[in-house]
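For reference, the structure discussed in these notes is given below.
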Amino acid sequence: MVAPALLVALLLVAVVSGETQDSCAGPIAQLLSTDDSDPVFGVFAAFGRTLGLNESVRGHVALANPRDACLQLGEEARGSLLLVERGGCSFTDKAAAAQATGAAGMLLYDNVSGCITMGYGNKSDVEKIKIPCVSISQASGLSLEIAVSKAPSGTHLTLVLVRAHLPPVDPSALLLCARSLEAHSGVATTTCVQNSLARHLVQHPHEMQRCHLSTSP
């Protein structure tokens with residue numbers, strides 16, 4: 001069971017700093033390496049395909065060219081989990097470009113420390129996006145870039161994208177967390193912890209990065 005006080009302390013960091021929108025909205029994604037390296041965690045976007053618990057998408061990691069995927073992409077994206085950097089154009093423009101080139105999925109890493117959940121401005125922008133789109137931290141993205149660049153000639157870094165299986169959060173911790181946030185900032189209880197994210201962060205301190213739903217590229 002997660003210590004309630006720990007969850008409260010974690011989430012109050014955002015409140016005290018004034019960033020009252022800090023909360024990841026969306027199911028947690030997990031990227032598993034075929035060579036038993038440590039997994040990478042991220043968050044499914046508010047658009048595109050969200051995998052079920054028994055679904056997976058496998059692909060080699062390709063580096064978008066240009067890296068921000070704001071111009072036409074090359075054939076390197078086809079069949080890949082395309083690694084894209086935040087910035088330059090909207091999240092949905094990046095996803096549409098990746099899908100048009102035949103990518104199996106898009107992995108977006110932040111251009112600053114932390115992580116974000118990809119949102120969108122207009123529903124019409126996302127209706128045709130069918131591939132899974134996942135945001136990961138800047139550190140994870142740069143690590144994947146290095147791994148791809150160091151791969152021997154003719155080989156690929158292959159990852160399997162799944163939806164993370166997370167244990168439920170201690171209900172007493174949720175209650176304390178929600179009450180604390182309401183008392184200090186008026187944040188709705190539904191944004192306190194979504195999809196067991198708080199539990200996940202506690203279990204994986206190396207991924208302890210505050211997230212917020214964002215529509216800005």
Mind checking the [atom1]-[atom2] spacing from [X] to [Y]? Nearest 0.5 Å is all I need.
X: Asp110; Y: Met118; atom1: CG; atom2: CE; answer: 10.5 Å
X: Ile116; Y: Ile136; atom1: CD1; atom2: CD1; answer: 10.5 Å
X: Leu31; Y: Leu107; atom1: CG; atom2: CG; answer: 5.5 Å
X: Leu73; Y: Leu82; atom1: CG; atom2: CG; answer: 6.0 Å
X: Ser137; Y: Phe41; atom1: OG; atom2: CZ; answer: 11.5 Å
X: Leu144; Y: Ser149; atom1: CG; atom2: OG; answer: 10.5 Å

Practice task
Answer whether the closest heavy-atom distance between the side chains of Val61 and Thr158 falls below 4.5 Å.
Solution key: no

Exercise for the section: Indicate yes or no: at least one non-hydrogen side-chain atom of Asp125 is less than 4.5 angstrom from one of Ser90. Expected result: no

Identify, with sequence neighbours excluded, every residue that meets side-chain hydrogen bond (donor to acceptor under 3.5 Å, both in side chains) alongside [X].
X: Ser80; answer: none
X: Ser33; answer: Asp35
X: Asn65; answer: none

Handout entry: ILVMFWY clustering at 4.5 Å (side-chain atoms), partners of Leu32
Key = Val160, Val162

Looking only at heavy atoms, what is the nearest atom pair of [X] and [Y], with distance?
X: Phe91; Y: Gly119; result: CD1-O, 3.6 Å
X: Glu145; Y: Leu83; result: CG-CD2, 3.6 Å
X: Thr50; Y: Pro27; result: CG2-CG, 3.6 Å
X: Val84; Y: Met106; result: CG2-CG, 3.9 Å
X: Ala164; Y: Leu53; result: O-CD2, 4.0 Å
X: Ile129; Y: Thr92; result: CD1-O, 3.7 Å

Exercise for the section: Can you label the angle between the Tyr120 ring and the Phe47 ring as parallel, tilted or perpendicular, going by 30° and 60°? Expected result: perpendicular

Set of residues satisfying salt bridge (Lys or Arg N to Asp or Glu O under 4.0 Å) with respect to [X], sequence neighbours excluded:
X: Glu76; result: none
X: Glu75; result: Arg78
X: Asp68; result: none

Fill in the blank from the handout: residues 125-147 vs ring pair (Phe, Tyr, Trp, His ring centres under 6.0 Å), sequence neighbours excluded, gives none

Practice task
Please lay out, stage by stage, how Glu85 and Tyr109 fare under the test side chain to side chain contact (heavy atoms under 4.5 Å, CB included).
Solution key: CA-CA 5 Å; Glu85 184 179 14; Tyr109 67 93; 3.7 Å; yes

Exercise for the section: Please confirm whether the backbone N or O of Lys130 pairs with a side-chain atom of Gln99, one donor and one acceptor, at under 3.5 Å? Expected result: yes

Practice task
Output every pair passing salt bridge (Lys or Arg N to Asp or Glu O under 4.0 Å) with a member in residues 96-108, not counting sequence neighbours, ordered by first then second residue.
Solution key: none

Problem - All pairs passing salt bridge (Lys or Arg N to Asp or Glu O under 4.0 Å) where residues 43-61 contributes a residue, at least two apart - result: Arg49-Glu55

Exercise for the section: Is it possible for you to say whether Leu81 and Leu142 belong to one hydrophobic cluster, with membership spreading through side-chain heavy-atom contacts below 4.5 Å? Expected result: yes

Problem - Residue pairs, two or more places apart or on separate chains, that pass disulfide (SG to SG under 2.5 Å) and touch residues 37-79 - result: Cys70-Cys89

Handout entry: Residue pairs passing the disulfide (SG to SG under 2.5 Å) test where at least one lies in residues 36-69, sequence neighbours excluded
Key = none

